[in-house]
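This report refers to the structure that appears directly beneath it.
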Amino acid sequence: MSSASYPTLLPVMSGDASAPAAPAAPAGSGLGSLAECSQWQSSTDGQRLALSQLVLSGLHCAACAGIIESALRRQPGVLDAQVNAASQRLALQWSPVLTDAPALLRAINKAGYGAAPDVAAPALALRKAEHRKAVWRLFVAWFLMMQVMMLAAPAYLAEPGDMAPDLKLLMQWGSWVLSLPVMLFAAGPFFQAAWHQLRQRSLGMDVPVALGLAVSFIASTGATFDPGGLFGHEVYFDSLTMFVAFLLSGRYLELRARHRVADSLETALSQRPEMAQRLGADGRVSEVRIGELVVGDHVQVLAGQGFPADGLVLRGATEVDEALLTGESRPVPRHEGDAVVAGSVNLQSPVLVQVQRVGADTRLEGIKALMRGAMTRRPQQLRVADRVAAVFLWGVLLLAAAGALAWSQIDPSRVVWVAVSVLIVTCPCALALAAPSAWLAATGALARRGLLLQRIELLDSLATVTHVVLDKTGTVTEDSLELIAAEALDARPLRLAAALARQSQHPLSRALARACPPEGPEQGLWTDVAEVAGCGLQARDADGKVWRLGAPAWVMPATPTDGSEAARLMFGPYPADGAPTLALHFQETLRADALLAVQRLQAQGLAVSLLSGDVAARVDEVAARLGIAQAVAGATPELKLAHVSALQAQGHKVLMVGDGINDAPVLAQADASVAMGQGALIAKAQADGFLLSGRLADISAARELALRTRRVVVQNLGWALTYNMACIPLALMGWLPPWAAGIGMAASSLLVVSNSLRLGRGLDNRD
């Protein structure tokens, strides 16, 4: 029974949860410090390439991504570099034969940015260093800004003639001295980034900011040293320092928001312990590094410890916390023979586990690779936004020049003020953050829920779907059956059949055993137990009589089969001397939230249909239980593909949810696709995301979040455009001083980021 199904009884269970992940790069492979965050790939000509995932620091806008990509692509041996500025991640494809890790890291540093392998410890250290520098710059800017404001206040409050010229000059000199640390240290990132952008022949958002700061400081310095000279007598040290302080405040809050997302994801993806307790052949327990574990090892996992590898429980029973892997908030029971995954936590009692998968083959490492890929991938919409932002920046510079030229004819003393205000107020930081910040917040929220995005475009396509197509077996149903009826004269035959069923691992036997737990000792009830492939179990009772539990036609050869039931077993003596002692009826087990998920999707106005390769009777029965009106049975992969294509030809945007190898073509064809987390590797490779939690209701929650994300992006873009359209005329007319422009720009960026962070709230309240 363990290797074959009873005739006409069991649906085919698709999915390959044990399919291996892509191999990790071996130690000593020439990858150097990037070995731990790299995987091997093969090019079309057979060359071995490395795909490395790095976390970056020092990025302030979308243009920074292009600068890093350009700097790396000029390096020999680099085939591709993709930077996601919102998540500060880099996906780098390169040849260790033609270059090495230090050269690549030097190229990133030379471009003006920091980089570390995307593993928890170095990435966390990089974030801490970045945060520490940001805090110091923020402190210097705010502290000295207050001192400059104190020196500038008398000039604003004094009446004409109240302040002696030498005293006024002394205060201007004091403001200049206090502004030097602000310019040289606090504002350093703006000038460094602008310089690197110009060196790379790229125009980023730091260029107009740095230009505005430089013009303000040079003009104010000239006015301080030579009040009657070319730059006049007006100084802008107070506006200058205030602008730096507010802009650094906004960027610090953006930094904190990005770090919170990164911390939550790394917490979810770094639960595997460093050491494991391995049981040797002599029965002794030794502590080894998890990298030394091999398939077949026996490891002891104590209560409170994390599982070091994927495996099977050999001895003991416990409860496991898989919340950080699947989003399941409740402990999951695990008994002998059950699978456990690396990164989950043993909550209750010690267990002995046989290692099945290690290293990059584990489910945890597969999740890490998936999330790194999603965090580094930049959607097409963001590439379009980057090009629009570049055009906008050229417009900003031309607008500032035109404003300065006009005011040189109207009031030369206000030329600098107007030009600086225009440069500052039009810096499109909020515009560039509008979509990435929202998508990043939504991606993190879905990951915590248990839905991992393989392609971030799923957030956009989910918002447009009109029709949901669900696979049946392994998607809306579990990989187990449930006993729904037992026809017997009394309870004893049912207990005897259950005792015999406990001798097998067949899905029907396990379902019967679950439905009838033992009420006492069962030793001696059955002897000479034999399992006949495709038929069932045969055994002798205490009196030597032969009994059979299995396919009806095997137990009672004259029994007709019409396929009207999901599954059926019979139990009786053999050869049969009349009617069977017991008839058992089973049906597929729906996922606990399948009905709720379908109802929620339908409540959102979506049409839902069921698509399966199973026989019509079983498909119709499951569809009726779920309230799905449209169900298609006997669907081959070709028919599934044709069905979805027909829906698309009718104008529908289709979301496909499946799990098996036969679902891979239709998952690739659909406008949006989600694979079940336990499904086949090829199905997950074709899907836009996969559902680790196994909760179908998370798909309806994801669509609700996608709709909210789209609204938030529109809100962010609307605010950014409204802010610019309202403030540009004020700056050109000279009604908006530089310090007010700085406050407005920082506030607009902060508002956009704060609005995006709302997307993660409420999604973790699981049903």
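The structure displayed is predicted, hence computed values, not measured ones.
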Indicate yes or no: at least one non-hydrogen side-chain atom of [X] is less than 4.5 angstrom from one of [Y].
X    : Y    : result
L180 : F217 : yes
L54  : L104 : no
R708 : L759 : yes
R758 : V712 : yes
L51  : D80  : no
V140 : F185 : yes
W94  : Q75  : no
E69  : R74  : no

Please name all residues satisfying side chain to side chain contact (heavy atoms under 4.5 Å, CB included) with [X], sequence neighbours left out, ordered by chain then number.
X    : result
A103 : T99, D100, R106
L79  : L49, Q93
S175 : V148, L151, F237
V714 : none

Between atom [atom1] of [X] and atom [atom2] of [Y], what is the distance when rounded to the nearest 0.5 Å?
X    : Y    : atom1 : atom2 : result
M145 : F143 : CE    : CZ    : 11.5 Å
T224 : L169 : OG1   : CG    : 7.5 Å
L178 : M149 : CG    : CE    : 13.0 Å

How close do [X] and [Y] get, heavy atom to heavy atom, and via which atoms?
X    : Y    : result
A245 : L138 : O-CD1, 4.0 Å
A442 : L705 : O-CD2, 3.7 Å
A141 : A186 : CB-CB, 4.0 Å
P181 : V177 : CD-O, 3.2 Å

task = Under the ring pair (Phe, Tyr, Trp, His ring centres under 6.0 Å) rule, collect the residues that match up with F225, sequence neighbours excluded.
result = W173, W176
task = Not counting sequence neighbours, list each pair that qualifies as a side chain to side chain donor-acceptor pair (under 3.5 Å) and has a residue in residues 179-191.
result = none
remark   = Applied to residues 136-151, the side chain to side chain donor-acceptor pair (under 3.5 Å) test, sequence neighbours excluded, yields W142-S249
request  = For the pair L459 and L446, evaluate side-chain contact (heavy atoms from CB on, under 4.5 Å) and give the outcome as yes or no after the intermediate values.
outcome  = CA-CA 10 Å; L459 277 171; L446 288 176; 3.9 Å; yes
request  = Please test Y113 against L56 for side-chain contact (heavy atoms from CB on, under 4.5 Å), starting from the C-alpha separation and ending with a verdict.
outcome  = CA-CA 7 Å; Y113 304 91; L56 303 169; 5.6 Å; no
With sequence neighbours left out, write down each residue that passes side-chain hydrogen bond (donor to acceptor under 3.5 Å, both in side chains) with [X], or none if nothing qualifies.
X    : value
R711 : none
N109 : none
E704 : Q604
S70  : none

Check: L458 main-chain N/O paired with S461 side-chain donor or acceptor under 3.5 Å = yes
task = Begin from the C-alpha positions of L90 and L72 and carry the test side-chain contact (heavy atoms from CB on, under 4.5 Å) through to its verdict.
result = CA-CA 11 Å; L90 164 66; L72 286 169; 3.6 Å; yes
task = Mind checking salt bridge (charged side-chain N to carboxylate O under 4.0 Å, His left out) for R710 and listing every partner two or more places apart, or none if nothing turns up?
result = D460
